[in-house]
Enquirer: 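Here it is: the structure, laid out below.
Basis for what follows: all heavy atoms, side chains included, without hydrogens, waters or symmetry-related copies.
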Amino acid sequence: MKIKDTMKIKEWLLDKEKEEGRGSTLVKDVANHGCQGGVPGLIYYNETVAFHDDHEEEIWDLLEEYADNEGLKLVDKMAQVCKDAGSLRQLKNSLVWWAVEVQAQELLRAREAA
């Protein structure tokens, strides 16, 4: 039985940024440009699928929260996030990248407000 990682997405981002060392712009880069540029640990489908499975509840809670805030049904928000997902792994990849990006945006807003 696999033990689930209980680390929150924001904590994961901050840990990745810390691993990159002083002067890292990981959070800012993800917030402004998304995950498509390559985020260590979220490049390959096997990585994003595993990340989704470890953070599934948080990702779906976030998706539901954003749908509610935008006055959308969950399925409509999911369609916005997961355009053209042709498989379950593509769906999970899109959800992971979206969740990491919005959490990076929240971290960046908090930094800029401080």
Enquirer: Quick one: do R89 and N93 satisfy side chain to side chain contact (heavy atoms under 4.5 Å, CB included)? Show the steps, please.
Expert: CA-CA 6 Å; R89 72 183 186 161; N93 184 79; over 6 Å; no
Enquirer: So T48 and H52, do their side chains get closer than 4.5 Å, heavy atoms only?
Expert: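 Answer no - side chains too far apart.
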Enquirer: Under a 4.5 Å cut-off applied to non-hydrogen side-chain atoms, are E70 and Q80 in contact?
Expert: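 A side-chain contact under 4.5 Å exists here.
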Enquirer: Would you mind reporting whether W60 and L95 have side-chain heavy atoms less than 4.5 Å apart?
Expert: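 Yes, their side chains come closer than 4.5 Å.
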Enquirer: Go through the steps to decide whether D53 and K92 satisfy the test side chain to side chain contact (heavy atoms under 4.5 Å, CB included), and finish with yes or no.
Expert: CA-CA 8 Å; D53 294 348; K92 288 181 176 184; 2.8 Å; yes
Enquirer: Does any non-hydrogen side-chain atom of Y66 lie less than 4.5 Å from one of V81?
Expert: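 When only atoms from C-beta onward are counted, Y66 and V81 do not touch, as no gap falls below 4.5 Å.
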Enquirer: Is it true that V49 and V100 fall in one hydrophobic cluster, defined by side-chain heavy atoms closer than 4.5 Å?
Expert: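 No; V100 is not reachable from V49 via cluster members.
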Enquirer: For the residue pair A104 and L13, what are the closest heavy atoms and their distance?
Expert: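 Reported closest heavy-atom pair: N-CD1, 3.6 Å.
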Enquirer: Say whether, by atom type as modelled, one donor and one acceptor occur between the side chain of H33 and the main chain of D29 under 3.5 angstrom.
Expert: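 Flag not set: sc H33 to bb D29 has no pair under 3.5 Å.
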Enquirer: Answer yes or no: does atom CG of N69 have more than 12 heavy-atom neighbours from other residues, nucleotides or ligands under 6.0 Å?
Expert: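 Yes - once you tally the heavy atoms of other residues, nucleotides and ligands closer than 6.0 Å, there are more than 12.
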Enquirer: Can L88 be reached from W98 by stepping across I, L, V, M, F, W or Y side chains whose heavy atoms are under 4.5 Å apart?
Expert: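 Yes, it is one cluster - the side chains of W98 and L88 are joined through contacts under 4.5 Å.
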Enquirer: So do the side chains of V30 and Q103 get within less than 4.5 Å of each other, counting heavy atoms only?
Expert: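 No, every pair of side-chain atoms sits at 4.5 Å or beyond.
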Enquirer: Quick one: pull up CG in L14 and CD in E17 and give me the separation to the nearest 0.5 Å.
Expert: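 L14 atom CG to E17 atom CD measures 6.0 Å (nearest 0.5 Å).
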Enquirer: Closest approach of G38 and I43, non-hydrogen atoms and distance?
Expert: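 Shortest heavy-atom contact: CA-CG1, 4.2 Å.
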Enquirer: Under 4.5 Å between side-chain heavy atoms, counting indirect links through other Ile/Leu/Val/Met/Phe/Trp/Tyr residues: same cluster for L74 and M78 or not?
Expert: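 L74 clusters together with M78.
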Enquirer: From E101 CD over to N32 CG, what is the distance, rounded to the nearest 0.5 angstrom?
Expert: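 These two atoms lie 11.0 Å from each other.
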Enquirer: Is there side-chain contact between P40 and E20, with heavy atoms separated by less than 4.5 Å?
Expert: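 Result yes, sub-4.5 Å side-chain heavy-atom pair found.
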Enquirer: Side-chain contact, heavy-atom cut-off 4.5 Å: V39 with W97?
Expert: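 Answer no - side chains too far apart.
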Enquirer: Are the side chain of S87 and the backbone of Q90 linked by a donor-acceptor contact shorter than 3.5 Å?
Expert: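 Between the backbone of Q90 and the side chain of S87 there is a qualifying donor-acceptor contact (under 3.5 Å).
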Enquirer: Report the distance from atom CD of E58 to atom CD1 of I9, rounding to the nearest 0.5 Å.
Expert: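 Atom-to-atom, E58:CD and I9:CD1 are 4.0 Å apart.
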Enquirer: Decide, yes or no, whether a salt bridge links K8 with E106 under the criterion of side-chain N to carboxylate O below 4.0 Å.
Expert: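 A salt bridge is absent here (no side-chain N lies under 4.0 Å from a carboxylate O).
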Enquirer: In Å, rounded to the nearest 0.5 Å, how long is the span from SG of C82 to NZ of K77?
Expert: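 Rounded to the nearest 0.5 Å, the SG-NZ separation comes out at 10.0 Å.
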Enquirer: Quick one: CG on D61 to CD on E65, what's the gap to the nearest 0.5 Å?
Expert: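 The CG atom of D61 sits 8.5 Å away from the CD atom of E65.
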Enquirer: Taking the side chain as everything from C-beta on, heavy atoms only, tell me whether L42 gets closer than 4.5 Å to K16.
Expert: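 Sidechains of K16 and L42: no contact.
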Enquirer: Rounded to the nearest 0.5 Å, how far does CG of L63 lie from CG of D68?
Expert: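 Here the rounded value is 10.0 Å.
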